[in-house]
Amino acid sequence: MEVRQTPLSFLQKNSQKIFLIGSICASFGILLVTVGGSWDITNHLLNKPETFFSPPHALMYSGVAIGLIGAAISFLAYRKLENFKEIFRLPLRLKFVGIFLLVGAGPFDFVWHSNFGLDGLLSPPHFTLLSGMMLCSLGGMFGISRFLQNKESKNNFSNYLLVLATLPVWLAGSGIISSLSLPFSNTDYFQFNPEPTFAFVMATVGYPFLMSLICIVTAKLSGFKPGMISILGGFFLLIYGMTAIVPNFALIESVEFYSMNMIPIVMADLIVSFRKTKKASIIAGGILGSGFYMVYYPYIMYTYNESLLGKLVSPSMIYHTYFELMPQVIQFTIIPAIIMGVIGAIFAFRFSNKTLIKK
Amino acid sequence: MNKLIIIGIIGVSLAVYFSMTVFVLPEKFLAKEQFTPIPFLEVEVSSTQINLGESFRLSTFSENIGDYGDIHIVSAGFPTLSDTEEIVRIVSYDFSNSPIYIEPGEEIGAKYSGGLETVYAQYPQIEAMNRPVQPGTKFVMDFEITPNEPGPFTVYVKSIDIPHTSSSSHYPTEGQLDHQGEYVLVYTVNVNP
């Protein structure tokens, strides 16, 4: 006799997989938000949009909607989980708090635009959005990686989901560091630009640490599968290139320069997948950290320009000033960047051992 | 042996990466000339004599005749007015950004400094902006002006392209200076009582 499956029984039977789908939606939603956010910075710089309703904002809030659906699916699945409730509690909570902040940031941003006109990169609604992005992407990352760590059958494809899990965290983290270091936050009403020395330190410490942390966590969670860091780094460069370089006509020819950044990423990948040890990961972390000024081209120039040159730089002059600053920036930051890359790799091991992998 | 090959590949690749990104490519890019947008401006005034209560048209036709630029600005100042309301009306406008109405007393940029030097506006001014600006792009801003007092009615018109790299980045390049210390074309219409 055939037993008919009800939606409830289907949910009960597949609750873990449905929770994974919720996590994928949350991560994908945040990926859209971060891509829209990077595009929005470029749009503000080039076109100075005058209304809240712009294509980058549409992309960002579509991402919020997908993230919201992901959080709702995760919640429904979590209620029917039998054995793994404890494992998936943290991802669910992170997604919930994150999505609450994200959804709240939309109307907050609209009200802010209506009252104070064009807002800068760092503003209360934007920081709410960034915090929501970070928490929600962490929720998605924990959800996906814990599912992969605890499922019985493993296939090669499932590891690639880790790229979707960690890429939004990298982009959201970069967004937080950028908002605390780029001088894009002064408006007619508020002067939220970070103090130049603080911004210098924040960028020099934050970006290399984050790059190394995310790449090594991804490699570690995949069991040092060859190609993971290259795919992740390639997507990061592609997104950054498409949203920050290609839209600016004056920067298009510097794509050649930007694409060189695949070299340290592929080398780091080669090191960790060849040796598969903590020591190798630390070396890879140092290499990744050392290239941060090139990876975060072009806008990182504005941070260092504040302290080192103090020039007025309009968007078509970015690469001239960027390359003019290069020798000084490399001289001041290369050692701290390598150290932060190494620390990021050490932290990645602790982070993935204690927080992500939970059996 | 295998280990040595891998170390060699990594070492050579990183040497190539750092030499290309820190030395070779920056030198190549810095050797290139920066983009220099050059504004050109023509102004047509429908009449040089009108009676009080009548209107005249002042039409600006501007163009970027140089390279790609970030911003193309055309601005019209009204030194004989304290307020443009009900006197100056924009009837045609094709710039990407909405016009900015500057009131007397507002702090504004000066001497083509991009805001590094500022002054306080002495009279109302209307500023049109297009961001960014491709070479050869043309723009129109057309005013209908109805003076409310007899006597000479003066309009200052100028255009600036950003980045402002030299004297060719503004138009006109000589003549009378306005309240911002920037060169302007001067047009006067006599308003008969």
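Numbered from 1 within each chain, the chains take letters A, B, ... in sequence-line order.
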Exercise. Are any of the side-chain nitrogens in B/K28 or A/E256 under 4.0 Å away from the carboxylate oxygens of its partner?
Worked result: yes
Exercise. Nearest heavy-atom pair of B/L25 and A/F257: which atoms, and what distance?
Worked result: CD1-CA, 3.6 Å
Exercise. Heavy-atom distance under 4.5 Å to chain A: side chain of B/L116, backbone, both or neither?
Worked result: side chain
For this session: Measure across B/S13 and A/I263 and return the closest heavy-atom pair with its distance rounded to 0.1 Å.
Result: O-CG2, 3.4 Å
Exercise. More than 12 heavy atoms of other residues, nucleotides or ligands under 6.0 Å from CD of B/E27: is that the case?
Worked result: no
Problem set entry | Taking every non-hydrogen atom, the tightest pair across A/S314 and B/D70 | OG-OD2, 2.7 Å
Exercise. Counting only heavy atoms not in A/K311, do more than 12 sit closer than 6.0 Å to its NZ atom?
Worked result: yes
Exercise. Are there more than 12 heavy atoms of other residues, nucleotides or ligands under 6.0 Å from atom CD of A/Q328?
Worked result: yes
Exercise. Side chains of B/F18 and A/S290: closer than 4.5 Å at any heavy-atom pair?
Worked result: yes
Problem set entry | Heavy-atom contact with chain B under 4.5 Å, split by part of A/F249 | both
Exercise. Considering all heavy atoms of both residues, which atom of B/F29 and which atom of A/S254 are nearest to each other, and what is their separation?
Worked result: CZ-CA, 3.7 Å
Problem set entry | Atom group of A/I287 that falls short of 4.5 Å from chain B, counting heavy atoms | side chain
Exercise. Any idea which heavy atoms bring B/T21 and A/M260 closest together, and the distance?
Worked result: CG2-CB, 3.8 Å
Problem set entry | Pairs of heavy atoms under 4.5 Å with chain A: top-ranked of B/I9, B/I10, B/D67 | B/I10
Exercise. Using non-hydrogen atoms only, which part of B/F23 is less than 4.5 Å away from chain A: side chain, backbone, both, or neither?
Worked result: neither
Problem set entry | A/L46 and B/R131, any side-chain heavy atoms less than 4.5 Å apart | no
Problem set entry | Audit row: B/V22, A/Y293, side chain to side chain contact (heavy atoms under 4.5 Å, CB included) steps and yes/no | CA-CA 10 Å; B/V22 180; A/Y293 184 66; over 6 Å; no
Problem set entry | Heavy-atom contact with chain A under 4.5 Å, split by part of B/T165 | neither
Problem set entry | Intermediate values then yes/no, side chain to side chain contact (heavy atoms under 4.5 Å, CB included), B/Y17 and A/M267 | CA-CA 11 Å; B/Y17 171 68; A/M267 289 308 112; over 6 Å; no
Seminar exercise, completed: Checked B/M20, B/K32, B/H164 vs chain A; the most non-hydrogen pairs under 4.5 Å come from B/K32
Seminar exercise, completed: Applying a strict 4.5 Å limit to non-hydrogen atoms, the region of B/F35 in contact with chain A is side chain
For this session: Using modelled atom types only, decide if a donor and an acceptor are shared between the side chain of A/H320 and the backbone of B/E33 within a distance under 3.5 Å.
Result: no
For this session: Verify the neighbour count for atom CD of A/Q191: are there more than 12 heavy atoms of other residues, nucleotides or ligands below 6.0 Å?
Result: yes
Exercise. For atom CG of B/N192, is the number of surrounding heavy atoms from other residues, nucleotides or ligands below 6.0 Å larger than 12?
Worked result: yes
